[in-house]
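A quick note: this is a predicted structure, and the numbers were derived from the prediction, not measured.
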Number of protein chains: 2
Amino acid sequence: MTYIEDTLVALADPTRRAIFEKLKRGAAPVGVLAAGLPVSRPAVSQHLKVLKQAGLVTDRAEGVRRIYAINRAGLTAMRDWIDGFWDTALEGYAAAFEDEANGEEHK
Amino acid sequence: MTYIEDTLVALADPTRRAIFEKLKRGAAPVGVLAAGLPVSRPAVSQHLKVLKQAGLVTDRAEGVRRIYAINRAGLTAMRDWIDGFWDTALEGYAAAFEDEANGEEHK
DNA sequence: ACTTACCGTAAGTGATTACTTACTGATAGT
DNA sequence: ACTATCAGTAAGTAATCACTTACGGTAAGT
């Protein structure tokens with residue numbers, strides 16, 4: 001299982017987002033993904049590891065290359081998490097007060 | 001305008017997510033949000049600043065208190081960004097190759 | 001077998017950042 | 001006016017993390 005924590009952390013980094021958005025065009029090996037980016041190829045490998053653990057990409061071996069592709073699992077997990085905030089009360093100030101106001105002793 | 005960068009960075013932090021999820025129950029002042037969290041109240045203020053700049057919360061003054069509430073703008077921006085990945089090719093390896101294979105001179 | 005191409009990992013470094021305490025400001029009540 | 005409450009800001013610190021170079025390991029070609 002993959003947690004929303006990992007997904008958000010993975011996509012918060014600009015370099016990882018650049019890699020992820022490159023995969024929009026289709027699956028690609030590491031070398032192709034690293035080309036054009038302002039970081040070294042090992043850096044891309046490290047980022048891909050994070051993206052994989054977040055459920056955002058999959059990898060398959062093809063000869064000596066490793067082909068990475070977008071994995072929808074991470075995206076759906078993120079979508080579901082966002083949707084959980086959709087039907088929340090934008091107001092409801094009093095309610096939050098009564099529930100959370102423990103912790104300060106009434107002097 | 002708020003950028004996807006800020007939104008993702010804001011929600012990547014566990015403390016900020018905890019604050020944001022507390023607001024699910026409804027709007028609340030800083031003191032109430034800070035209660036129960038393992039960080040100081042100034043820390044919560046700093047986090048709320050980041051969340052606000054990311055378009056995830058709004059704040060309004062109410063006497064000496066500052067009431068924070070969820071702002072759907074940041075959430076919709078995030079949803080739209082995710083949806084942009086939805087109709088991508090999971091394969092299409094060759095296509096990516098031909099386009100991106102510039103950068104290495106054919107020796 | 002040797003070489004070449006491709007990729008992941010190890011180790012070390014610099015910069016970012018989340019946190020603390022101390023303070024300043026503003027509002028409300030007595 | 002004085003006091004108390006609530007919250008944002010300043011400054012300093014410790015830990016995280018994205019990056020580099022160096023290395024090791026595997027697959028394919030000659």
Do the non-hydrogen side-chain atoms of A:R79 and B:R79 ever get within less than 4.5 Å of each other?
-> yes
Would you kindly give the CG-to-P distance between B:L51 and C:dT17, to the nearest whole Å?
-> 15 Å
Using the rule that two of Ile, Leu, Val, Met, Phe, Trp, Tyr join whenever any of their side-chain heavy atoms come within less than 4.5 Å, decide whether A:V39 and A:V9 are in one cluster.
-> no
Rounded to whole angstroms, how far apart are CG on A:L8 and P on D:dC17?
-> 14 Å
Between the side chain of B:R72 and the main-chain N/O of A:W86, is any donor-acceptor distance below 3.5 Å?
-> yes
Nucleic acid contacts - residues 39-50 of chain B versus DNA chain C, non-hydrogen atoms under 4.0 Å | B:V39, B:S40, B:P42, B:A43, B:Q46, B:H47
Length of the line joining A:L11:CG and D:dA18:P, which is rounded to integer Å = 12 Å
Length of the CG-P vector between B:D13 and C:dA18, whole Å = 5 Å
Verdict with supporting geometry, A:N71 and A:T58, side chain to side chain contact (heavy atoms under 4.5 Å, CB included) | CA-CA 6 Å; A:N71 181 9; A:T58 59; 3.6 Å; yes
Would you mind reporting whether B:L48 and B:L33 have side-chain heavy atoms less than 4.5 Å apart?
-> yes
Could you state whether A:L23 and A:V50 fall into the same hydrophobic cluster, counting links through intermediate Ile, Leu, Val, Met, Phe, Trp or Tyr residues with side-chain heavy atoms under 4.5 angstrom apart?
-> no
Would you mind reading off the distance between A:Q53 atom CD and D:dC17 atom P, rounded to a whole angstrom?
-> 12 Å
Audit row: B:W81, B:L8, side chain to side chain contact (heavy atoms under 4.5 Å, CB included) steps and yes/no | CA-CA 11 Å; B:W81 185 78; B:L8 288 167; 4.3 Å; yes
Could you run down nucleotides 24-30 of chain C 5' to 3' and tag each one B, S or - for protein heavy-atom contact under 4.0 Å?
-> --BSS--
Any donor-acceptor pair under 3.5 Å linking the side chain of B:R41 with the backbone of B:G31?
-> no
Using only side-chain N and O atoms of B:Y68, determine if any of them is under 4.0 Å from OP1 or OP2 of D:dG8.
-> yes
Find the distance A:E5:CD to D:dT16:P and express it as a whole number of Å.
-> 13 Å
CA sep, side-chain torsions, deciding dist, call: B:Y3, B:Q53, side chain to side chain contact (heavy atoms under 4.5 Å, CB included) | CA-CA 9 Å; B:Y3 293 100; B:Q53 199 159 6; over 6 Å; no
Could you check how far CG of A:L37 sits from C1' of C:dC7, rounded to whole Å?
-> 16 Å
To the nearest angstrom, how far is B:R60 atom CZ from D:dC6 atom C1'?
-> 16 Å
